[in-house]
Amino acid sequence: MQGLEVRGLSKRFGGLVVSENIDFDLPPGARKALIGPNGAGKSTFANLVTGILSPSGGTIRFDGQDVAGLNEAQRVKRGIAKTFQITTLFPRLTVRENLRLPVLEREGQGTRMFRRASGNAEIEAEVTALIDQFDLGPLADRPVLDLAYGQQRLVEMALSLALKPRLLILDEPAAGVPSSETHLIIEAIERLPDDLAVLVIEHDMDLVFRVARSIVVLVQGRILTEGTPEEIANNAQVRELYLGGAHG
Amino acid sequence: MAVRFLPPLLMLLAAVAAYFLFPYNLAFLTRIVIMVVLVLSLDLVLGFAGIATLGQAAMYGAGAYAAGLFAIHVWADPVAGLVAGALAGAVLAALSGAVLMRTQGLTLIMLTIAVAQICAEIANRARGVTGGADGLRGIRPGKVLGVWEFDFIGITGYWYALAVMLLVFAVLAILGRSPFGLSLRGIHESPARMEAIGVSVYRRRLAAYTLGGGIAGIAGALTAQITQLVSLETFSFSLSAEALIMLILGGTGRLYGAVLGTVIFMAVHHVAAANDPFNWLFVIGALVLAVVFFLPAGIAHLPTSLKRLSKGGRHAGS
Ligand SMILES: Nc1ncnc2c1ncn2[C@@H]1O[C@H](COP(=O)(O)OP(=O)(O)OP(=O)(O)O)[C@@H](O)[C@H]1O
Ligand SMILES: [Mg+2]
């Protein structure tokens, strides 16, 4: 099968069960959202899929191949990428340098020593295209730490997209972004390539309902339910969870 | 374009001027130049890649002993001796780095110190080969490139060391702008993100550490050939620590910082120690404190800092 296929995935931290028997599919071109209260295990699930954490049980297959034995860097090479819930960039490098790095590494040029990092016209063209795609043109030569937070979140997405992944997990892309700027994040997600499988983890329901065609609800490490946005919006359990919970 | 060649030109001019201004201090000038090579190696490891180390002298000492032994037992050719020194430094860095690069922070620093101590102890015990505490003597390097003989005044030694230093500088300048150099800066900024873009941070750090070891080995080889003596002091903790202070003084990650910091530290040391052999450390201490407080990015950053201050930029005074 093409895309991501997770079966019976579980993860324990000592006695704490954070993922429990999760079955999850994400075919090419999918736009899924993973929602749930704080501490439900959403980031943990993302970290299991990308190889930052190793599971306590279950299988993860991508394009029909078991990726259990691969570390994070090797899974990136297979096409699995994720953004960080807590912005993780190269702060003192410019936007352009931030984006040049993943493209160079993807092209296997990262260990070249005797040519200029900016000397490959094709790579530079691609970096420029990414900068334009995320409307970062005027900021291209500024260190990332000079950027406003919302713009840093865009660089966060651009950095992962620069790897040309086939599966992209966005871990709370709008976290901490003022609501007046979330539309920038939403537009950026809408502009992602059609054949890319996208999983968005997010608390902002506006964003979730704008971009997701299907929503998975995770509660205490278990999948509570999965459905279309309408089904989830009308689901009594979910409504109770969100009306009674910390997020609305 | 012209601006880019100004700093290296100034550096060369300063070196030539120093030669004519201080003709009776060539040995001291040469020591500075060799120290610059060691501090440059530290700039690659610490300044570029962010690998915290207080044991760069391990590779320096390995290079010194290797070049000395090579000259005595194998071939007196200086350039071949440099290669031997570089290889020794690189091999030691690769072997120790295979373990060290899996650690970070304080653990890493302690381990780098330990490696240098172990090397010193091995050199001390292997008296038959290294001369132990008496040092390795009897190094008689041949003519440089078969033309220039090492003289008593140290003229050949100075130009030879300077040529090697400029070459190392040029290679590191090219490296710094390369994809590899960029990836080291990336690792310095965020190892987690580097893993996330598909890089084995461990391997990349090991490569940088090995390269830095090779350059430190070259510095050690220069000392062995020019002073024609290698002592256990080449492995000393104080050498590693002084190299670190010089780099911080000048500013990390920009190569010129390594040059400036070394020249200033050693000049101040020279003058202050001559005037007041007991209190010169206070002068150095005050200098380091002043730089850390007023120029946290190092002396090489002074022009940028001044520019920002005068423009009232957003980072002024921060
Ligand atoms: N490395 C770890 N060691 C121990 N416990 C952990 C670890 N990482 C996460 N946890 C715990 O696992 C649970 C799930 O954490 P996770 O970060 O996956 O939640 P989340 O759904 O992403 O929450 P949020 O919406 O706040 O981001 C939490 O109780 C957390 O404290
Ligand atoms: Mg989370």
Side-chain angles (χ1 to χ4, degrees), chain A residues 47 50-52 70-84 86-94 96-120 123 142-146 155-156 159-165 169 171, chain B residues 1 4 44 47-50 90 102 167-168 170-212 214-215 251-254 296-297 301 304 308 313-316 318:
Chain A
N47 289 340
T50 53
I52 294 174
L70 304 180
N71 65 26
E72 184 186 5
Q74 290 164 330
R75 288 186 207 188
V76 169
K77 299 269 189 276
R78 294 286 178 89
I80 302 176
K82 128 180 149 57
T83 64
F84 288 74
I86 297 164
T87 310
T88 306
L89 304 169
F90 309 111
R92 287 180 300 176
L93 304 188
T94 65
R96 195 178 293 279
E97 286 170 326
N98 266 266
L99 299 180
R100 191 178 285 143
L101 264 169
V103 179
L104 282 167
E105 295 298 342
R106 192 199 71 213
E107 293 296 317
Q109 307 226 344
T111 51
R112 294 216 171 191
M113 297 185 184
F114 294 104
R115 60 157 61 194
R116 291 177 71 107
S118 58
N120 184 316
I123 287 180
R142 298 264 289 277
V144 153
L145 59 86
D146 279 0
V155 178
E156 178 75 41
L159 243 169
S160 296
L161 194 63
L163 298 165
K164 287 212 176 133
I169 303 179
D171 195 352
Chain B
M1 212 56 189
R4 250 185 64 206
L44 170 65
F48 286 16
R102 296 197 184 279
L167 209 68
V168 166
V171 168
L172 285 181
I174 292 170
L175 208 79
R177 294 162 180 275
S178 72
F180 180 70
L182 184 61
S183 77
L184 296 186
R185 286 165 68 206
I187 288 173
H188 195 171
E189 294 286 301
S190 173
R193 191 73 201 212
M194 285 304 277
E195 289 283 355
I197 62 173
V199 175
S200 163
V201 169
Y202 166 72
R203 274 195 243 160
R204 205 60 64 88
R205 273 165 37 112
L206 185 56
Y209 196 64
T210 303
L211 234 102
I215 294 170
T252 57
R254 37 185 52 236
H301 209 254
T304 326
R308 279 188 174 153
R314 54 195 296 184
H315 295 292
S318 70

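Computed over heavy atoms, backbone and side chain alike; hydrogens, waters and symmetry mates excluded. Sequence lines set the chain letters: A, B, ... in the order given, protein chains first and strands last, and positions in each chain run from 1. Keep in mind the model is a prediction, meaning the values are calculated, not measured.
Heavy-atom distances place no part of B:Leu184 under 4.5 Å from chain A, backbone and side chain included. Looking at A:Glu105, only its side chain comes within 4.5 Å of chain B, counting heavy atoms on both sides. When heavy atoms are compared at a cutoff of 4.5 Å, A:Ile52 does not approach chain B at all. In this structure, chain B has a heavy atom under 4.5 Å from the side chain of A:Leu163, while its backbone stays farther away.
Rounding to the nearest 0.5 angstrom, the gap separating the CE atom in A:Met113 from the OG atom in B:Ser178 is 7.0 Å. Separating the CD1 atom in B:Ile174 from the CZ atom in A:Arg115 is a distance of 13.5 Å, to the nearest 0.5 Å.
When all heavy atoms of A:Val76 and B:Ile197 are compared, the pair lying nearest together is CG1-C, 3.8 Å. Looking at every heavy atom in both residues, B:Ala196 comes nearest to A:Glu72 through CA-OE2, 3.3 Å. The minimum heavy-atom distance linking A:Phe114 with B:Val171 is given by the pair CE2-CG1, 4.2 Å. Listed here is the closest heavy atom pair of A:Leu104 and B:Pro179: CD1-CB, 4.0 Å. When all heavy atoms are compared, the tightest approach of A:Lys77 to B:Gly198 is NZ-O, 2.9 Å.
Within the structure, side chain to side chain donor-acceptor pair (under 3.5 Å) contacts touching residues 185-195 of chain B (residues at least two apart or in different chains) are A:Arg92-B:Glu189, A:Glu156-B:Arg193, A:Ser160-B:Arg193.
In this view, B:Ser183 and B:Arg204 satisfy the side chain to side chain donor-acceptor pair (under 3.5 Å) rule, not counting sequence neighbours.
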